Enquirer: 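Got a structure here, written out as structure tokens. Questions coming.
Since the model is a prediction, treat every value here as computed from it, not as a measurement. First the proteins, then the strands, lettered A, B, ... as listed; each starts at 1.
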Amino acid sequence: MAEGLEEMEAQDSRPVYVEQLDQHVGEEVLIQGWLFNKRSSGRIRFVIVRDGTGLVQGVVTPDADPETFELAERLPQESSLRLWGTVRADPRAPGGYELAVRKIEPVHIPKQPFPIGLKEHGVGFLMDHRHLWIRMRKQVPLLRVRDSVLWAIRQFFRERGFVATEAPILVGTAVEGTTTLFPLDYFDRTAYLSQSGQLYLEATCMALGKVYWIGPVFRAEKSKTRKHLTEFWMAEAEVAFLEHEGNLTLQEDLVRYIVEFVAEDRKRELELLERDTEALLSEVREPFARITYAEAVEIVRGHGVEMEHGDDFGAPAEDALGAHFGRPVFVERFPARIKPFYMKRAPDDPGVVLCADLIAPEGYGEIVGGSQRVDTEEELLAQLEEYGLPREPYEWYIDLRRYGSVPHSGFGLGVERTVAWIAGVKHIRETIPFPRMLDRLEP
RNA sequence: UCCCCGGUAGCUCAAUUGGCAGAGCAGCCGGCUGUUAACCGGCGGGUUGGAGGUUCGAGUCCUCCCCGGGGAGCCA
């Protein structure tokens with residue numbers, strides 16, 4: 001009977017989310033969420049409730065029923081609850097709206113204190129409690145920014161007629177010989193977790209024309225930096241009949257689209273993250289800079305960073321480039337021997353390849369890497385040999401150059417680095433719900 | 001793999017030259033009718049990461065190990 005009454009009551013006020021409260025001023029609503037914090041001043045009590053879309057302050061006075069008044073004092077942090085109250089605008093309330101609470105109904109009351117308080121914590125402790133940390137103040141808006149970045153990517157490609165497709169995660173061979181792969185037992189042989197879907201997208205674009213996919217990739221490098229995870233997400237695209245210049249334009253259009261979309265779509269979240277969105281937008285307003293590898297080396301040296309022509313860019317070099325331009329910069333035409341076997345040589349200079357890395361400003365490093373691909377069997381066989389790679393596992397890939405081969409190009413965008421740049425967070429471990437890093441496999 | 005820093009209460013940190021292990025927060029008890037990481041008073045809370053060594057005496061010095069953080073390299 002008592003249960004029946006509660007259900008009736010719940011039906012009286014439709015549940016609404018905190019982000020919709022401005023549409024319900026003056027109405028009684030039902031909020032379903034968790035107790036984020038509470039404050040009390042004796043005869044007036046404040047409960048701050050979060051529901052995934054935002055935080056709202058509930059005001060509890062002795063006018064509410066005695067049980068509710070008592071709950072407002074007693075409920076511990078992260079109690080789950082239903083809360084009925086009338087929405088009103090009040091400048092004293094965080095967010096501008098608050099609830100005059102009529103009733104609180106606990107759903108679950110924790111028996112022990114929530115490990116993560118509102119005061120500061122160390123990174124190690126927070127990472128050990130990542131499953132709970134994601135509920136907290138900065139993490140919720142950050143994960144909502146991530147959602148928006150992924151949504152923007154899908155929307156961009158769909159608007160342009162790309163077909164969303166998939167590449168396998170389990171693969172039998174390395175895509176690029178250099179990077180370390182995670183091996184695993186696959187019946188009686190060794191399989192690996194894919195480090196890139198690119199080779200497969202090259203095949204798929206010959207079927208579908210323009211393709212993209214967004215998925216996890218894996219790198220067994222023992223990197224310990226703020227820019228690296230062992231499992232991260234890439235948005236990769238591959239387009240038949242697209243050549244190098246068009247590839248850069250496509251990447252530039254995509255990156256600008258993502259930034260502009262997210263800046264608007266997650267305006268409130270970026271404010272909570274204290275990201276200066278004007279500064280961010282101004283970085284992508286102008287056309288991106290385009291320089292060659294050779295020019296980049298000179299610029300980097302001009303900033304006092306030592307490097308030889310023929311070296312790949314290290315973190316200090318990337319930072320120097322980002323600082324020099326203050327906006328994204330494409331570095332084109334790398335020396336062939338520091339890039340993978342599948343990139344096409346420049347027709348006017350066989351020492352360099354038709355590739356580009358896109359370096360984000362503000363020290364976020366390379367966020368996109370792409371190239372035009374080798375498109376003749378002769379070139380591909382020659383380059384496999386040059387890189388000392390066996391031909392047999394790549395027979396299917398060589399086949400793509402035997403049956404109606406066309407010029408084609410593509411790229412991969414690092415999702416977490418892009419989110420970090422847009423949100424303005426220093427370490428990419430916070431841009432994914434459960435980061436996988438060296439020595440960090442749990443939770 | 002290499003370099004640097006750290007490990008003290010549930011959490012964040014202090015502890016002077018080697019000399020009685022402390023504070024804030026959290027928890028518990030009490031107070032406060034507009035709080036904003038509220039505030040005020042009280043209470044409980046410790047194998048100082050582990051092993052060994054030096055010493056009258058080690059959180060502090062030495063050796064080894066474990067764990068974490070930051071950075072490099074490599075990469076997106």
Side-chain angles (χ1 to χ4, degrees), chain A residues 36-48 55-63 69 72-74 76-78 90-96 98 100 110-129 133 136-138 175-176 178-181 195-198 216-236 251 307 311-319 338-340 357-360 363-370 411-421 426-429 431-432 437-440:
Chain A
F36 184 74
N37 192 16
K38 62 179 193 280
R39 289 182 279 271
S40 161
S41 185
R43 306 309 293 167
I44 184 166
R45 294 168 185 177
F46 301 90
V47 289
I48 291 81
L55 291 169
V56 66
Q57 167 171 284
V59 185
V60 188
T61 63
D63 299 340
F69 190 65
E73 184 71 20
R74 199 190 79 212
Q77 187 187 357
E78 287 301 310
D90 191 310
R92 291 169 296 186
E98 65 182 17
K111 291 183 177 60
Q112 43 193 315
F114 191 65
I116 304 175
L118 300 176
K119 304 278 177 180
E120 55 192 314
H121 295 281
V123 174
F125 177 83
L126 289 170
M127 286 300 301
D128 288 342
H129 296 82
W133 183 25
M136 303 307 290
R137 203 183 289 279
K138 265 185 71 173
V175 172
E176 310 164 26
T178 53
T179 310
T180 318
L181 295 163
Q195 58 182 317
S196 165
Q198 184 206 312
V217 292
F218 306 86
R219 304 277 164 95
E221 290 289 341
K222 293 196 171 180
S223 302
K224 266 182 67 112
T225 84
R226 74 180 77 146
K227 292 178 203 164
H228 291 85
L229 302 173
T230 53
E231 173 182 322
F232 65 97
W233 284 62
M234 279 224 284
E236 300 189 274
Q251 294 169 41
M307 75 175 286
D311 290 350
D312 209 341
F313 297 107
E318 284 185 353
D319 291 352
I338 56 172
K339 286 294 181 183
D357 287 356
L358 181 63
I359 313 291
Y364 289 97
E366 182 185 348
I367 56 171
V368 186
F411 61 88
L413 173 144
V415 170
E416 287 75 20
R417 287 186 185 177
T418 303
V419 173
W421 169 44
K426 286 296 163 229
H427 202 302
I428 67 169
R429 66 182 157 218
T431 65
I432 185 168
M437 297 177 293
L438 186 68
D439 300 325
R440 189 62 78 170

Enquirer: Check every strand shown and say whether A/Val217 touches a base, only sugar-phosphate, or nothing at a heavy-atom separation below 4.0 Å.
Expert: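 Nothing, no nucleic acid heavy atom in range.
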Enquirer: For A/Asp63, give me all partners under side-chain contact (heavy atoms from CB on, under 4.5 Å), at least two apart in sequence or on another chain.
Expert: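 Checked A/Asp63 against side-chain contact (heavy atoms from CB on, under 4.5 Å); matches are A/Thr61.
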Enquirer: A side-chain contact here means heavy atoms from C-beta on lying under 4.5 Å apart; do A/His228 and A/Glu221 qualify?
Expert: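 The answer is no, as the side chains (C-beta and beyond) never meet within the 4.5 Å cut-off.
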Enquirer: Rounded to the nearest 0.5 Å, what's the gap from CG on A/Leu413 to OG1 on A/Thr418? Could you check?
Expert: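 Those atoms lie 3.5 Å apart.
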Enquirer: For A/Thr230, what residues pass the side-chain hydrogen bond (donor to acceptor under 3.5 Å, both in side chains) criterion, not counting sequence neighbours?
Expert: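 Checked A/Thr230 against side-chain hydrogen bond (donor to acceptor under 3.5 Å, both in side chains); zero matches.
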Enquirer: Quick one: the side chain of A/Arg45 and the base of B/C32, do they pair up donor-acceptor inside 3.5 Å?
Expert: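 Absent.
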Enquirer: Can you list everything that forms a salt bridge (charged side-chain N to carboxylate O under 4.0 Å, His left out) with A/Arg43? Sequence neighbours excluded, please.
Expert: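 Per chain and number, A/Arg43 pairs via salt bridge (charged side-chain N to carboxylate O under 4.0 Å, His left out) with no residue.
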Enquirer: Send over the distance from A/Phe114 CZ to B/C11 P, rounded to a whole Å.
Expert: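 For the pair A/Phe114 CZ and B/C11 P, the rounded distance is 15 Å.
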Enquirer: Going by heavy atoms in the side chains, are A/Phe69 and A/Arg74 under 4.5 Å from each other?
Expert: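 They are not in contact (no side-chain heavy atoms under 4.5 Å apart), so the answer is no.
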Enquirer: Identify each atom pair where a protein N or O and an N or O of nucleotides 43-49 of chain B are less than 3.5 Å apart, giving names and distance.
Expert:
none

Enquirer: Could you spell out the base pairing of RNA chain B in dot-bracket, with Watson-Crick or G-U pairs whose two distances are under 3.5 Å, [ ] crossing and | to another strand?
Expert: (((((((..((((.....[..)))).(((((.......))))).....(((((..]....))))))))))))....
Enquirer: If we only count heavy atoms from C-beta on, is the A/Lys339 to A/Asp357 side-chain gap below 4.5 Å?
Expert: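 Side-chain contact under 4.5 Å: yes.
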Enquirer: Within the sub-3.5 Å range, which N or O atoms of nucleotides 33-35 of chain B have a protein N or O partner, and how far apart are they?
Expert:
{"residue": "B/U33", "atom": "OP2", "partner": "A/Arg43", "partner atom": "N", "Å": "3.4"}
{"residue": "B/U33", "atom": "O4'", "partner": "A/Ser41", "partner atom": "O", "Å": "3.4"}
{"residue": "B/G34", "atom": "O2'", "partner": "A/Arg92", "partner atom": "NH1", "Å": "3.4"}
{"residue": "B/G34", "atom": "O6", "partner": "A/Arg88", "partner atom": "NH2", "Å": "3.0"}
{"residue": "B/G34", "atom": "N1", "partner": "A/Glu98", "partner atom": "OE1", "Å": "3.4"}
{"residue": "B/G34", "atom": "N1", "partner": "A/Glu98", "partner atom": "OE2", "Å": "3.0"}
{"residue": "B/G34", "atom": "N2", "partner": "A/Gln57", "partner atom": "NE2", "Å": "3.1"}
{"residue": "B/G34", "atom": "N2", "partner": "A/Glu98", "partner atom": "OE1", "Å": "2.6"}
{"residue": "B/U35", "atom": "O2'", "partner": "A/Arg39", "partner atom": "NE", "Å": "3.4"}
{"residue": "B/U35", "atom": "O2", "partner": "A/Arg39", "partner atom": "NE", "Å": "2.8"}
{"residue": "B/U35", "atom": "O2", "partner": "A/Gln57", "partner atom": "OE1", "Å": "3.4"}
{"residue": "B/U35", "atom": "N3", "partner": "A/Gln57", "partner atom": "OE1", "Å": "2.8"}
{"residue": "B/U35", "atom": "N3", "partner": "A/Gln57", "partner atom": "NE2", "Å": "3.2"}
{"residue": "B/U35", "atom": "O4", "partner": "A/Gln57", "partner atom": "NE2", "Å": "2.8"}
{"residue": "B/U35", "atom": "O4", "partner": "A/Arg92", "partner atom": "O", "Å": "2.9"}

Enquirer: Mind checking the C1' distance from B/G57 to B/G10? Whole angstroms is fine.
Expert: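 Taking atom C1' in both B/G57 and B/G10, they lie 32 Å apart.
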Enquirer: Side chains of A/Met127 and A/Met437: closer than 4.5 Å at any heavy-atom pair?
Expert: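 They are in contact (side-chain heavy atoms under 4.5 Å apart), so the answer is yes.
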Enquirer: Output a table of nitrogen or oxygen pairs between the protein and nucleotides 27-29 of chain B separated by less than 3.5 Å.
Expert:
none

Enquirer: Rounded off to whole Å, could you give me the CD1-to-P distance for the A/Ile338 and B/C74 pair?
Expert: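 It is 9 Å, rounded to the nearest whole Å.
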Enquirer: Please confirm whether the backbone N or O of A/Ile116 pairs with a side-chain atom of A/Gln77, one donor and one acceptor, at under 3.5 Å?
Expert: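 Yes, A/Gln77 side chain to A/Ile116 backbone: donor-acceptor pair under 3.5 Å.
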Enquirer: Distance check needed: B/U12 P versus A/Phe125 CZ, whole Å only.
Expert: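 So the CZ-P distance, A/Phe125 to B/U12, works out to 6 Å.
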Enquirer: Would you confirm whether A/Glu236, through its side chain, and A/Gly197, through its main-chain N or O, come within 3.5 Å as a donor-acceptor pair?
Expert: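 It does hold such a pair.
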Enquirer: Using the P atom in both, what is the distance from B/G46 to B/U8, to the nearest Å?
Expert: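 Straight-line distance between the two P atoms is 15 Å.
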Enquirer: Please evaluate the base of B/C11 for a donor-acceptor partner in the side chain of A/His121 within a cut-off of under 3.5 Å?
Expert: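 Answer no: no donor N or O sits under 3.5 Å from an acceptor.
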Enquirer: Taking only residues two or more places apart in sequence, or in another chain, which ones meet A/Phe411 in a ring-ring contact (aromatic ring centres under 6.0 Å, His included)?
Expert: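 If we apply the ring-ring contact (aromatic ring centres under 6.0 Å, His included) test to A/Phe411, skipping adjacent residues, there are no hits.
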Enquirer: Provide, to the nearest angstrom, the distance between the CZ atom belonging to A/Phe36 and the P atom belonging to B/A26.
Expert: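 In whole Å, B/A26 P and A/Phe36 CZ are 14 Å from each other.
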Enquirer: What integer distance in Å separates A/Asp357:CG from B/C74:P?
Expert: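 To the nearest whole Å, that distance equals 13 Å.
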Enquirer: Assign A/Gly117 to base, sugar-phosphate, or nothing according to its heavy-atom contacts below 4.0 angstrom with the strands shown.
Expert: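 No contact.
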Enquirer: Taking the side chain as everything from C-beta on, heavy atoms only, tell me whether A/Lys227 gets closer than 4.5 Å to A/Phe232.
Expert: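 No - every pair of side-chain heavy atoms lies 4.5 Å or more apart.
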Enquirer: Measuring only between side-chain heavy atoms, which start at C-beta, is A/Glu318 closer than 4.5 Å to A/Tyr364?
Expert: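 Counting from C-beta outward, A/Glu318 and A/Tyr364 never come under 4.5 Å.
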Enquirer: If the C1' atom of B/G45 is compared with that of B/G24, how far apart are they to the nearest Å?
Expert: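 The answer is 14 Å between these two C1' atoms.
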Enquirer: Under the rule for side-chain contact (heavy atoms from CB on, under 4.5 Å), what residues qualify as partners of A/Asp312, not counting sequence neighbours?
Expert: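 Expected list: A/Phe334, A/Ile338.
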Enquirer: Rounding to an integer number of angstrom, what distance separates B/G49 and B/A37 when you compare their P atoms?
Expert: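 These two P atoms come out 34 Å apart once rounded.
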Enquirer: Just to verify, what does A/Asp90 make a salt bridge (charged side-chain N to carboxylate O under 4.0 Å, His left out) with, not counting sequence neighbours?
Expert: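 Expected list: A/Arg92.
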Enquirer: With RNA chain B as reference, determine whether A/Lys339 or A/Arg440 sits nearer its 5' end, using the nearest nucleotide of each.
Expert: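 By nearest-heavy-atom nucleotide position, the 5'-most residue is A/Arg440.
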Enquirer: Listing time: all N or O pairs from protein to nucleotides 70-72 of chain B that are below 3.5 Å?
Expert:
{"residue": "B/G70", "atom": "OP1", "partner": "A/Arg429", "partner atom": "NH1", "Å": "2.7"}
{"residue": "B/G70", "atom": "OP1", "partner": "A/Arg429", "partner atom": "NH2", "Å": "2.6"}
{"residue": "B/G70", "atom": "OP2", "partner": "A/Arg429", "partner atom": "NH1", "Å": "3.3"}
{"residue": "B/G71", "atom": "OP1", "partner": "A/Arg226", "partner atom": "NE", "Å": "2.5"}
{"residue": "B/G71", "atom": "OP1", "partner": "A/Arg226", "partner atom": "NH2", "Å": "2.3"}
{"residue": "B/G71", "atom": "N7", "partner": "A/Lys224", "partner atom": "O", "Å": "3.1"}

Enquirer: Would you measure the distance from the P atom in B/C13 across to the matching atom in B/G18 and give it in whole Å?
Expert: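 Roughly 25 Å separates the two P atoms.
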Enquirer: For B/C61 and B/C2, measure between their C1' atoms and round to the nearest Å.
Expert: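 Rounded to whole Å, the distance is 27 Å.
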Enquirer: I'd like the C1' distance from B/A14 over to B/A9, given in whole Å.
Expert: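 Roughly 13 Å separates the two C1' atoms.
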Enquirer: Between atom CG in A/Asp439 and atom C1' in B/C67, what is the gap in whole Å?
Expert: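 Checked: the CG to C1' distance equals 9 Å.
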Enquirer: How far, in whole Å, is B/C4 from B/A76 if one measures between their P atoms?
Expert: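 Approximately 30 Å lies between the P atom of B/A76 and that of B/C4.
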Enquirer: For the pair made of CE in A/Met437 and C1' in B/G68, what is the distance, rounded to whole Å?
Expert: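 About 11 Å, once rounded to whole Å.
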Enquirer: Check whether any side-chain heavy atom of A/Phe46 lies under 4.5 Å from a side-chain heavy atom of A/Val59, and answer yes or no.
Expert: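 Yes, side chains in contact.
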Enquirer: Looking only at atom types and distance, does a side-chain atom of A/Glu416 sit under 3.5 Å from a main-chain N or O of A/Trp233, one as donor and one as acceptor?
Expert: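 Checking the backbone N and O of A/Trp233 against the side chain of A/Glu416, a donor-acceptor pair under 3.5 Å is found.
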Enquirer: Write down the distance between CZ (A/Arg219) and C1' (B/A76), rounded to a whole number of angstrom.
Expert: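 To the nearest whole Å, that distance equals 6 Å.
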Enquirer: State which residues pass side-chain hydrogen bond (donor to acceptor under 3.5 Å, both in side chains) with A/Arg417; sequence neighbours excluded, sorted by chain then number.
Expert: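 Residues passing side-chain hydrogen bond (donor to acceptor under 3.5 Å, both in side chains) with A/Arg417: none at all.
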Enquirer: Looking across every strand, which nucleic acid part, if any, lies under 4.0 Å from A/Glu231 by heavy atom: base, sugar-phosphate, or nothing?
Expert: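 If one applies the 4.0 Å heavy-atom cut-off, A/Glu231 turns out to touch nothing in the nucleic acid.
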